[in-house]
Amino acid sequence: MSRDEINILIGGEAGQGLATVGQGLATVLVRTGYHLVVTQDYQSRIRGGHNTFALRASVKPIQAPREGVDLLVALNQETLTLHEKELNPGAGVVADAGLTCGLAPCYNVPYAQLSGPRYLNTVALGVSSSLLGLDREAVADGLAKFLGKLSPEMAAKNQEALAAAYAHAAANPAPFTPLAPPAAAADRLLMTGNEAIALGALAAGLKLLAFYPMTPATSVALTVIAHAREMGVVTEQAEDEISAINMALGAAYAGAPALVPTSGGGFALMVEGISLAGMTETPVVIVLAQRPGPATGLPTRTEQGDLEFALHAGHGEFPRALLAPGSVEDCFHLAYHAMHLAEKHQSPVILLTDQFLADSYRAVAPFDLSGLAPVKAGGAEAGGAEAGGDYERYAITSKGISPRALPGLGRALVVSDSDEHTADGHITEDLSARAAMVDKRLRKLAGLTAEVLAPIWEGPEEAGTILVGWGSTRGAVSEAAGALRAQGRSVAACHFRQPWPLRPDQFLSRLARAGQVVMVEGNATGQMARLIRSETGLHISRQVLRYDGLPITPEFILRALGA
Amino acid sequence: MASLEDYGEFETAWCPGCGNFSIIKALKQALVKSGLAPHQVLLVSGIGQAAKMPHYLRCNCFNGLHGRALPAATGARLANPELKIIVESGDGCSYGEGGNHFLAGLRRNIDVTMLVHDNQVYGLTKGQASPTSGEGFVTKAQPQGAYSKPFNPLAAAVGQRISFVARGFAAEADHLAGLIAEALTVRGLALIDILQPCVSFNKVNTFAWYKERVYHIDPAHDASDWQAAMKLAQEFGERIPLGVFWRGGRMAFSDHFPVLQAGPLARQGTDYAALNEIMRKFV
């Protein structure tokens, strides 16, 4: 007897090291060949509180977190109390010898007898791995890999603790159904959405990153910083987000492809800078990892509440693009795409993610780097460095894109101005020149629109019901639609990975033909539904909205639909 | 060799008699004296009357947001180590709206030349108190007189031991040109606070008011003596010192980045083999 899929929940206080158990287990599962989706739920504190690290592992591809727990690893009593009701039939509980599990089948492990207090995490990892049926050697390898460089003594103690855990489990067998072996040990990487964004931007030739730390965006910056020297990237922790975006714009003006990661509050501070990017036509990519607002909101939880804010941020009218990855793979590809899009259209591009996706570890196939090319600042479109003394930064063109030269790299004098300007970049109050410049800038929207990434469809062409989502909910929407199809219902899924600009020819007729359309969003007011209505007139009245700070799951959607 | 003509002559939006006219003259002199051609120079400014300077000079120019010239200049510096970058703005833009950036710039010792036209008043918005306005300075916005103590940018800069700290006076263009020329040779942040009468909105700190008070720092002053520089920086009132207060030896910020030794980032490629190795570590 074995199972194809399992949902593991590790719970405890901040400071107990549950992320260590979780990441260790994730490393082992992915190295062994399982598919994986991780959801991290933590409180905004360094010690105490209640945090969880949930791993859904499967022999088959999976895209979303699931509710219900098959294996609960409790590092404290509170975890047992809070999560007992989520246990599925046949679930197991791993807990310290002193903890009580109520009605659930409790597998008490005498941690203190098996190892020193510093290696409790390793024992918990070992016992859990043993219950899952994972090979001890593979776990030992994974643990060594995960723990990285340790002193020989520390490494030996960890391996001893692991061996003690396996020995204890062998001597005290538990009635727990293990995981089926994976189909094949595939070549997979383990990374979060934020890490994939960092890699995608690096793949696009990122040269300057400026940021101010803000959860849940910080790890984008930290990932780039960890590899900045190898990749020739200049990074700076700015004094505030206002500085961060202005630094990025100064660097981009001078020819360095630039990235600024932040979350809602920091993005709010960047708004004038986004407007400056629009006016000076300077490329920049802003990663907006959303968390629930308003104001400080729920700093470590998830939401999709900033779509309209990102769409309208910045005074005045100017074109932009919004991209919203639906998976960790998408994070890589859309970050790469965003950098190129920003340079090509000399416009700000905003990459919208959220805490759920930012922190979600997944098993991903290694990205194919062949055929990728770095952004060439002032590239093909520009007379660039060759331009002469009569160069005009804002030359009026039919597509609105002016050849972009870079200061100091040629004889051209590059004049960029936040004031309304003439073609040579200098300040003007000539009102006909003003109108011509507005038209020129707005003409770039047509180019951005021509390149819009089409929604991703799944399921029947002519569907009774279409579930529509955007960004990080892609997996949950897809799995909910799949579950409904498995019940014999005609249900399709439609995922927007680029919420702006919208191209109705890519979706409107198909949505209009469906029996019913349901919008699934992680916010309280249905912002994407409103955007589709304002752009197309299509009113999506049925909405599944979540705004309690937790990610949308397939079960959440199915419950809301009464299915 | 560049000439004054290369930097052009433009019609300006400044009031007749404005100190900006002699500052632009001094700047052009210094650029020519430094042997810099317009395409080698980047002028970064914020918003205000002083911040219009880049429009009246032929060179590269990034005229950004109010208060944000220094971050934009920092970004440009970190993208291209070869550009000669001058940040030029007023006291409100540099020390008020951009106050946090000024403090961070001092801490970084970012290698740009920062020229602050300090007329102790907001000109573009027609005469409100600025961060350097004297206590009791009466305006329509401060009818009982400014309550706050004026900011002392030179003391802050000496305090952080940036590379070069000086004060000039708009009415002494040749002296100012000399200060700017020296600042342009400095590695690290060079700050020149430039006293500048505002003929339209500052009826207190007038040309005559400054003229009565300014004096040239004794040539015997040792600008590498931090205590002496700090003492001089406290002096503002009956007597106002002009000249070089402090020359520090701090490392320029951009020297922390080995990648910049290879020149402008725009000319550097992407190492996909290295990226592949990095990606392979995510297991």
Side-chain angles (χ1 to χ4, degrees), chain A residues 27 30-31 145 188-191 195 199 202-203 205 207-208 210 227 229-234 236 238-240 242-244 246-256 258 272-273 276 280 366-367 369 372 374 377-378 406-419 425-427, chain B residues 10 13 37-42 44 47 52 54-55 58-80 82-84 100-101 103-104 107-108 254 257-260 262 264-272 274-283:
Chain A
T27 305
V30 170
R31 283 168 68 90
K145 169 83 189 165
R188 291 205 192 91
L189 308 174
L190 175 67
M191 70 177 70
E195 289 169 339
L199 292 182
L202 288 170
K207 289 290 176 210
L208 184 129
H227 306 292
R229 290 262 163 129
E230 300 151 82
M231 294 304 297
V233 179
V234 173
E236 172 61 353
E239 57 274 23
D240 54 35
I242 298 171
S243 179
N246 281 281
M247 260 185 218
L249 293 176
Y253 160 80
E272 194 186 16
L276 179 64
T280 57
F367 305 119
L369 302 182
L372 300 187
L406 304 176
L409 297 191
R411 308 285 307 180
L413 300 182
V414 186
V415 179
S416 275
D417 192 8
S418 125
D419 295 281
H426 284 294
I427 185 169
Chain B
F10 297 84
H39 70 275
Q40 298 171 307
V41 177
L42 167 61
V44 182
I47 299 297
K52 288 180 181 162
H55 293 294
R58 286 188 72 253
C59 63
N60 294 293
C61 148
F62 189 88
N63 182 186
L65 298 172
H66 187 55
R68 319 302 172 201
L70 198 48
T74 301
R77 163 54 68 236
L78 295 179
N80 186 342
E82 293 169 3
L83 279 168
K84 192 60 79 174
N100 196 22
H101 312 313
L103 296 182
R107 290 181 51 224
R108 288 187 183 102
S254 65
F257 300 91
V259 64
L260 293 178
L265 297 179
R267 289 211 179 112
Q268 301 188 26
T270 294
D271 183 346
Y272 285 98
L275 182 61
N276 191 54
E277 276 194 27
I278 291 165
M279 179 177 75
R280 285 288 169 181
K281 289 178 188 154
F282 285 84
V283 180

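Residue numbers begin at 1 in each chain, while the letters A, B, ... track the order of the sequences.
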Quick one: [atom1] on [X] to [atom2] on [Y], what's the gap to the nearest 0.5 Å?
{"X": "A/Glu272", "Y": "B/His66", "atom1": "CD", "atom2": "NE2", "result": "9.0 Å"}
{"X": "B/Gln40", "Y": "A/Leu413", "atom1": "CD", "atom2": "CG", "result": "11.0 Å"}
{"X": "B/Asp271", "Y": "A/Leu202", "atom1": "CG", "atom2": "CG", "result": "11.0 Å"}

Determine the option with the most heavy-atom pairs under 4.5 angstrom with chain A, choosing from [options].
{"options": "B/Thr74, B/Leu275, B/Leu260, B/Thr270", "result": "B/Leu275"}
{"options": "B/Cys61, B/Ala266, B/Ala79, B/Pro258", "result": "B/Cys61"}
{"options": "B/Leu103, B/Leu65, B/Val44, B/Leu70", "result": "B/Leu65"}
{"options": "B/Cys59, B/Ala262, B/Gly269", "result": "B/Cys59"}

Under 4.5 Å heavy-atom distance to chain A, tell me which part of [X] shows up: side chain, backbone, both or neither.
{"X": "B/Arg107", "value": "neither"}
{"X": "B/Arg108", "value": "side chain"}
{"X": "B/Ala73", "value": "neither"}
{"X": "B/Leu83", "value": "side chain"}
{"X": "B/Ile47", "value": "side chain"}
{"X": "B/Leu42", "value": "side chain"}
{"X": "B/Lys281", "value": "both"}
{"X": "B/Pro38", "value": "both"}

Q. Looking only at heavy atoms, what is the nearest atom pair of B/Asn60 and A/Ala412, with distance?
A. OD1-O, 3.5 Å
Q: Determine, stepwise, if the pair A/Leu208 / B/Leu78 fulfils side chain to side chain contact (heavy atoms under 4.5 Å, CB included).
A: CA-CA 8 Å; A/Leu208 184 129; B/Leu78 295 179; 3.8 Å; yes
Q) Are the side chain of A/Tyr253 and the backbone of B/Ala72 linked by a donor-acceptor contact shorter than 3.5 Å? A) no
Q: Spell out, as yes or no, whether a donor-acceptor pair under 3.5 Å connects the side chain of B/Asn80 to the backbone of A/Ala254.
A: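 Checking the backbone N and O of A/Ala254 against the side chain of B/Asn80, no donor-acceptor pair under 3.5 Å is found.
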Q) How would you list, by chain and number, every residue that makes a ring-ring contact (aromatic ring centres under 6.0 Å, His included) with A/His426, sequence neighbours excluded? A)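 Applying ring-ring contact (aromatic ring centres under 6.0 Å, His included) to A/His426 gives B/His55.
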**Q.** Trace of the side chain to side chain contact (heavy atoms under 4.5 Å, CB included) decision for B/His39 with A/Leu409
**A.** CA-CA 8 Å; B/His39 70 275; A/Leu409 297 191; over 6 Å; no
Interface moiety of [X] toward chain B, non-hydrogen atoms closer than 4.5 Å:
{"X": "A/Ala252", "value": "neither"}
{"X": "A/Val414", "value": "both"}
{"X": "A/Lys207", "value": "both"}
{"X": "A/Thr27", "value": "side chain"}

Flag the pair [X] / [Y] as yes when at least one side-chain heavy-atom distance between them is below 4.5 Å, and no otherwise.
{"X": "A/Val233", "Y": "B/Val259", "answer": "no"}
{"X": "A/Ile427", "Y": "B/Asn63", "answer": "no"}
{"X": "A/Val234", "Y": "B/Phe257", "answer": "yes"}

Q.
Quick check on the interface: out of A/Ala210, A/Ala244, A/Pro374, A/Ala258, who has the most heavy-atom pairs with chain B under 4.5 Å?
A.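 Of A/Ala210, A/Ala244, A/Pro374, A/Ala258, A/Pro374 has the most heavy-atom pairs under 4.5 Å with chain B.
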